[in-house]
Undergrad: 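Okay, handing you the structure first.
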Amino acid sequence: MFLGPSLALSAVLFALGVVGVLIQRNAIVVFMCVELMLNAVNLTFVALSQLHGISGQIMVFFVMTVAAAEAAVGLAIILAIFRHTKSVDLTQINLLKG
Amino acid sequence: MTQFVWVAVLLPLLGAIANGWLAFRRPNAKGLVSAIGVGVLLVAFVVAVGVFLEVRHRAEAVTVLLWHWMPVTQRLSIDLAFRVDRLSTVLLLVITGVGGLIHLFSVGYMKSDAGYARYFAYLNLFIACMLILVLGASLPVSFIGWEGVGLCSYLLIGFWFEIDANSDAGKKAFIANRIGDFGVLMAMFLLWTNLGTLDFAEIAQRAPAVIPAGSTLAVGITLLIFLGCTGKSAQIPLFVWLPDAMAGPTPVSALIHAATMVTAGVFLVVRTGVLFALAPVTLEVVALIGALTAFFAATIGLRQYDIKKVLAYSTISQLGYMFLGVGTGAFATGIFHLVTHAFFKALLFLGAGSVIHAMHHAYHHVHAHDDAQDMRNMGGLRAVMPWTFTLMLIATLAIAGVPPFAGFFSKDEILAAAFARGATNPVYLVAWGLGVAAALMTAYYMARLMAMTFLGKFRGGAGAEPHLHEAPWIMTGPLVVLGVLSVIGGAINLPAFLGEGSAEGLDRWLEPVTAPAQALMPALVMPHGGTEVMLLGGAIVVALLGLTLGLRVTMASPIPLPGQAAPEHGLWLLLNRKYYIDELYAAVIIRPVHWLSRRVLWQIIDAFLVDRMAVGGTARIATSLGWLGSRVQNGQIAFYVVMFAAGAVLILRTLLR
Amino acid sequence: MLIDLSTPGGAVLGLLPELALTAWALVILLVIAWRHTTVADTRLVGQLSIVGYVLAAGAAGWLGLQGAHAEGLNLMIALDGFRFVSDILLLWIGAAVTVISLRWLERQGMLAPEYYVLLMLATVGMMLLAGAADMITLFLGLEVMSISVYVLAGYDRSRRASAEAALKYFLIGAFASGFLLYGIALTYGAAGQFIFSLIGGQLAATPPTLMAKLGMGLLLVGFAFKVAAVPFHAWAPDVYEGAPTPVTAFMASGVKAAAFLALARILAEVFPAFVELWRPVVGGLAIATILVGNLTALAQTSLKRMLAYSAIAHAGYLLLAIWAQSDSGTAAVLIYLLAYGLTTVAAFGILASIERTGTETVRLADLEGLYSTRPLAATGLSVCMLSLLGFPGTFGFIGKWLLLSSALSQGEWLLPLVAMIGSGISIGYYLPVVLAMVMKPAPNPTAHDTIRFPRPATVAIACCVFVILVLGFWPNPVLNFASRQAVQLRHTAVVIAPR
Amino acid sequence: MNAFLDSIGYGHWILHVLLVIPLLGIPAIFLVPVRNARWVALGVALVELVLGLGLWWAFDPANPGLQFVTDVPWIGGFGIGYRVGIDGISLMMVLLSVVTMPLVVWGSWSAIDQKQRGFYILLLALKTGMLGVFISLDLFLFYMFWELLLIPMYFVIGMWGSSNRLYAATKFVIYTFVGSALMLISIVWMMWTVGKATGEYSFAYTHLLANAKAMQPYGPYLFGAFALAFAVKVPLFPFHTWLPDAHTEAPTAGSVELAAILLKMGTYGFLRFAIPFFPVFALSKTTGNVMAALAVIGIVYAALVAMVQPDLKRLVAYSSVSHLGFVMLGIWGSTVESVQGAMVVMIAHGLSTGALFFMIGMLYERRHTRKIADFGGLARVAPMLATAFAITTFASIGLPGLNGFIGEFLVLIGSFTRYPWLVAVAATAVVFSACYMLWSTQRVFFNRFTNPLNEGIGDLNVRELAVLVPLILGMFWMGLYPGPILRRTEGAVRRYVEMVSPSLPPSDSTRSSFGAQP
């Protein structure tokens, strides 16, 4: 049921996330785009569960948990950098290069 | 005795080592040094005489094997072996005999030199090498001596090494010799490749069967050998080193650069006569080069003021005669002139040495720094040095070709042979003409030399004059012996018409050696009867004419001192400057080679192209790429992510292709 | 020993090393709750954490010796020698990094003992990742490891570089996780399974579908990021430079090793049927990685950054062995990881000791004259450089040789050629280190006075260097061992090495 | 002698002992005070010399094959073994190595005045590496020794060299490392190819050689990889530019070891590995012509460049390039004569160039300069040194009766059939070598005494004489009585030539272009 459209939708969402990462300059927005990618994949898992059973849905839970942990750590890191640079603009964060 | 011929080689070698050791340890033990230096030569001479007495009764050669030198393969197994035959015996006698006399002379001449022991070490070493050269049973063994004498020549020319010019001269000699040696080496390679042997006897045996007469191969090999000879024997185009070689002590000039080493080329041609016989073209070249050298060197000799330089050009000229002789195919005549030349030229040099010795001492006493060798500083020495004068006069007459002195017979025989060949081959006629002209000039410059040195008044300053004196007996003694030999030396090969029994002694003596080669050449019909007499008469006239002219012209006007002479011009300048040959070589060869080596090979190819561009360039390319890489790494997350995405697209594209 | 993973007891037994380490980490967290202020506290926690590694390694070793295996294929975590060897390797790296960190943290004034817990948890993640036999375990292991390392990278909060490193690593890492996860999803879609061997069987049975190919491609992208293969490498130099030095050592050796072990397993067990598809990709990545890594390293003056690029280059070499994808190739991966791990830990360990408090990074010029004041340290670092270069007489050479051998045995010449060219380039940056230390004079007499070599780190480094040298001449034990483990990785045994 | 050697089981242990003794010296050096380090090194060197010289008698010249062979598995399952053994070719290289060793220690006696411990340790390590290269019969083992050698040499140049030492050391290592990188691929590829063809996977030299046919399809590439590694080491033009720098900057001991032994590893490699494995390609018309031409270019080119060098060591370095060109020409001459000649040149060059470097070192130690222009007229103040230098000079330029001539003569005469024109060009080296050597000798030892700083330099002392006299005696011995050496190498050389000669293209008959057949 709606397998094709669901997969297509998740692909589009995933692509949107990727494009967002590519074009956004704000660390938090970029991070949100990554979350969008993860959730797009979650949609894929759920959609595929119709075909292959429950295991896909189980995976979604793991992904959500991991994403939550990631969000916590990620925001802490962004905070840490904000303390140094007073900004979350990624173009400003280029101390390390070469 | 023949089996012990190696003693004659070994002793001088040991003498050299002993004297060399003394040179470091006891440089002042001059008595011991002289005893060793002359003693070994004496024993060697005794051995030589012993060998001679045996060889007298034996026509065939004897090979004395010492050890296997290069036992590489069956095909290439070179033994260190000596070949005792009539040719080597003649040279054995000349080398040890004349060499011994010169050693003796040196005892007096070098008495006060600090490098006395070193000098005798070199001299002994030279004798050893020279003996190896003439005794060698194969080309490589002779080559040991061939290069060895070059080495000794180098060492002795540069004996007083603290003067740059002397060292330069030594180096020049060695390098000129080496150019010739290149030819000898190449000849060896060709011979071995084609004949599978380098042994003289086997070459003579196999060559006629393998190498077609007149073939390119024969001409090539012989020309290469002859290149070696031009180097060693100072012929055109490699003669330039010999005049400079006069930088060495005078006895050295007598021994090495007159009597023995420089004649090695003639010896080698005779040794490999069979090959030359197979290459008539080369023989023509040899004769022509010989004649040309004789002529040109003589012209230069006309206008030199250094007594030794005159003699040096004279030597080159006389060597040219020898090559003219062997070039006609009459090998024995070449050897004949070699022997007589050894006598009278050694005498001339030693005489000159005695003169220089006297001049040097005189100058030394008055602390003058004038050139003791410049004839313009001499004059009137006849009075103070009667012995020397007399003996040098004998030598002058001998070299000028006045009968009955030794040079007359030998030179005449060469010219006669050339004339005889000229009947069928005009090249030889040209050579003959050059030879006659050279003879005239020889007489002229010798007379000039004698006149400038011994006649007239002493020009070297009044202060020095009282200190001039005759050389001690240890020096004049050898001169006397050589004087006697210069007088009677011609007797070893008198022309046929002078008597049946004793005539052509050397020709017959050498027959076993030269016969195989002679058999391959058209017989040489020596002029006889009227022609012969006419030639002889002509030669005498030429000699006397030259002497008279030389005497007259030289004595005609006062001789200016070195510093006061008007600058030379025209032809005289050309002659005085030796045709600018040295300058020519420097401009055409030496400087371009240096330029090429320094600018092109080293700085452009080596340092720039290979090292900087190829090697350094690779490194630079890598470093630049690395720099580029680190620029790409710009620290921008956005850019990193773009690279990431691009990579992902690339991977997916590859997979979905 | 047969283990039934379906029973709780069996599951505990199967996961014993990971569980032991996790439990110990929790115990230590408890300790930290009381002791987290002084230098002594930090030190105590560090020392305690080593016990955890030893316990876990003991468990892994015990299981390995017992020949633990399971029946059936329905596993979430592998029970084979390969996993236990990987575990020991990773635990060893964790322990070594801990030892190096002991005094280093104090000197840098980073008195937060949670550091050690994070290291342990990251190690747990690495072990799960390397031992995963199931996509879920794989993902979990990966994330446990990654999240811990994100934090570790930014652990020196006082330094902006550290924070920046953490941010870069985190953002790009999360981005890459997305790709990896999508890859898992699509693979799942294509095969309907999470378990490696089942997916492998499924994929082998049918012609490759678009979804399977896409899935594999995205998985490869995810791993390419983790191993820092060009062009997914850009984060690595920045992060390696910014992170605290022991953490850099941990990332360069541990994280990379775990990723490679997992990649080797996935390609061997999940995609053996697609070998002709992924080979060009891996080969291309290898070539690009070797060349870019080595060339860019040439331009570096900071030692840490240089080693980062060198790490990228080495990832390229390892991809070569992955490409070869045979038992000898897998054995080569193991050996190379061991050699590389030993060397990297030792090199960064020495580097950490040389670092001065407050300065950003060690430059090449800072090493000048080290030999005259610290001969042993200079010698040790020289050995490390030679080992990284793959110079005979060091273990690095054995690894390099095995890589080449595994590729050449497949009749491939281009990749080994590129590898050797890369090796030739690399001498251009390894050698100057030796040169600076040994042959140049110190800029001033007191230049190296601030260097401190704490005893534990010294012992750990010395052991590494010693092992590098010994194994360089006598690699037999590890070679044979690695070959045996490599055979266990797959169910089809091929002749691994010529006999 | 033989009976005695047999009674102590010499043949069974000698090669291993030779390899190990220098390594045992290393801890010994650590144990003694620094100032005694050189004594330990000397002791080790002398023990090595005494033991090694036994090979001269124990070696059976009648046996052309490998002798004293040991084959012990090393890295089991991977076909790698500790396989060593020598034939006539390696025998001479081993002997050369052990002979130079005490001389090198002696020669460094006073020149090395700091970090002595490290220096002598490196010298000992170097020696093990060299011996290892020459006795390895396993390609893996060979490669290890081949590369390992670089390290001690690198440090010797870089730590005890003169002003530009860092550049020179780096250049040396990078050049040779990069040069031999591809050789490793080649070696492993050979193992697999032969292994797949025969079922026996092994790096053993004899095994690979016996089945070299299986590798022929890849001959050009594999040979190219080997040739690159060896050509750099030789060094063959145009891979030579590392040599002048390395030679010049290295301390005396380094220069001597480089010249006497290290360069020979390249030519040895060609004789032992590169050509026998791939004779069809290596000796094909094109390859042969190219290699021989490069050799000859090297001979003449290096001689010319040597002529204009202002630095004595650089000059001798270029002369090495020239001499090694003869070796290469001889190898490609591919006749018993030419290869024997190549062997002799290898040994002769070791003696004479070694001696030259020693003497330049002695000059340097006295005056701290190597510039020719800084000297002049030294023969007056240092007559013994001048004499030794002159003798060595003449040995180096190939004066018959000294060692240089034999080799060059054999090389040229042996290669003449195959490469007549190239030989003609090569033979001009007799002129050029005389030019550069004599000119430099003249400017250093003869001519006017211009530089007052040279007044007090003093002549050779006893230690220096002890270094030079053996070398000079060796030069005379080799020049006058090379038979014993030739006899020992002949078997191996003959076997080598017989092995490769079926692959030789028919000679473009020299004889037709130069005349008649015998």
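Order of the sequence lines fixes the chain letters, A, B, ..., with proteins taken first and strands second; residue numbering starts at 1 for each chain.
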Undergrad: Let me know if B/S630 has heavy atoms under 4.5 Å from chain C in its side chain, its backbone, both or neither.
TA: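 It is both, since atoms from each part get that close.
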Undergrad: Would you mind checking which part of B/L655 comes under 4.5 Å of any heavy atom in chain C, side chain (CB onward), backbone (N, CA, C, O), both or neither?
TA: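 For B/L655, backbone and side chain are both near chain C.
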Undergrad: When the ring planes of C/Y240 and C/W235 are compared, do they come out parallel, tilted or perpendicular, using 30° and 60° as the limits?
TA: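 Ring orientation, 0 to 90° scale: perpendicular.
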Undergrad: Step by step, would you call C/F175 with C/F179 a ring-ring contact (aromatic ring centres under 6.0 Å, His included)?
TA: CA-CA 7 Å; C/F175 185 57; C/F179 280 85; 5.0 Å; yes
Undergrad: Which answer fits C/L171, side chain, backbone, both or neither, if we ask what part of it has an atom under 4.5 Å from a heavy atom of chain B?
TA: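 When you check distances to chain B, only side chain atoms of C/L171 fall under 4.5 Å.
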Undergrad: Tell me which of these, C/Q300, C/K168, C/R305, has more heavy-atom pairs under 4.5 Å with chain B than the rest.
TA: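 The option with the most such pairs is C/K168.
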Undergrad: Would you call the rings of C/Y169 and C/Y150 parallel, tilted or perpendicular, taking 30° and 60° as the class edges?
TA: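 Answer is perpendicular, since the angle exceeds 60°.
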Undergrad: Name the member of C/G217, C/A299, C/A234 that forms the most heavy-atom pairs with chain B at distances under 4.5 Å.
TA: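 Max contact count across the listed options: C/A234.
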Undergrad: Got more than 12 heavy atoms from elsewhere within 6.0 Å of CH2, B/W160?
TA: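 Counting neighbours around CH2 of B/W160, more than 12 heavy atoms of other residues, nucleotides or ligands fall under 6.0 Å, so yes.
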Undergrad: Does NE2 in B/H594 sit with more than 12 non-hydrogen atoms of other residues, nucleotides or ligands closer than 6.0 Å?
TA: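 Above 12, so yes.
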Undergrad: Name the region of C/F274, side chain, backbone, both or neither, that has any atom closer than 4.5 Å to a heavy atom of chain B.
TA: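 Neither; nothing under 4.5 Å.
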Undergrad: Is B/R26 close enough and on-axis enough to B/W21, meaning under 6.0 Å and within 45°, for cation-pi?
TA: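 No cation-pi geometry.
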Undergrad: Would you indicate whether the side-chain heavy atoms of C/F391 and C/M385 approach each other to under 4.5 Å?
TA: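 No; the side chains remain at least 4.5 Å from each other.
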Undergrad: Does any N or O in the side chain of C/S423 come within less than 3.5 Å of the main-chain N or O of C/A419, such that one atom is a donor and the other an acceptor?
TA: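 Not at all, since once roles are kept as given, no pair shorter than 3.5 Å links the two residues.
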Undergrad: So which residue, B/L656, B/L650, B/N634, ends up with the most heavy-atom pairs under 4.5 Å with chain C?
TA: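 Of B/L656, B/L650, B/N634, B/L656 has the most heavy-atom pairs under 4.5 Å with chain C.
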Undergrad: Where does C/A176 contact chain B at under 4.5 Å (heavy atoms): side chain, backbone, both or neither?
TA: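 C/A176 touches chain B through backbone and side-chain heavy atoms alike.
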Undergrad: Just so I understand: if I count every heavy-atom pair under 4.5 Å between each of B/L652, B/T623, B/T654 and chain C, which residue has the most?
TA: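 Among the listed options, the one with the most contacts to chain C is B/L652.
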Undergrad: Among the options B/V641, B/I637, B/L628, B/L625, pick out the one with the most heavy-atom pairs lying under 4.5 Å from chain C.
TA: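 That would be B/I637.
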Undergrad: Check whether C/L218 gets within reach of chain B through its side chain, its backbone, both or neither, counting any heavy atom under 4.5 Å.
TA: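 Both backbone and side chain of C/L218 come within 4.5 Å of chain B.
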Undergrad: Is C/Y429 close to chain B through its backbone or its side chain, or both, or neither, when contacts mean heavy atoms under 4.5 Å?
TA: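 No part of C/Y429 comes within 4.5 Å of chain B.
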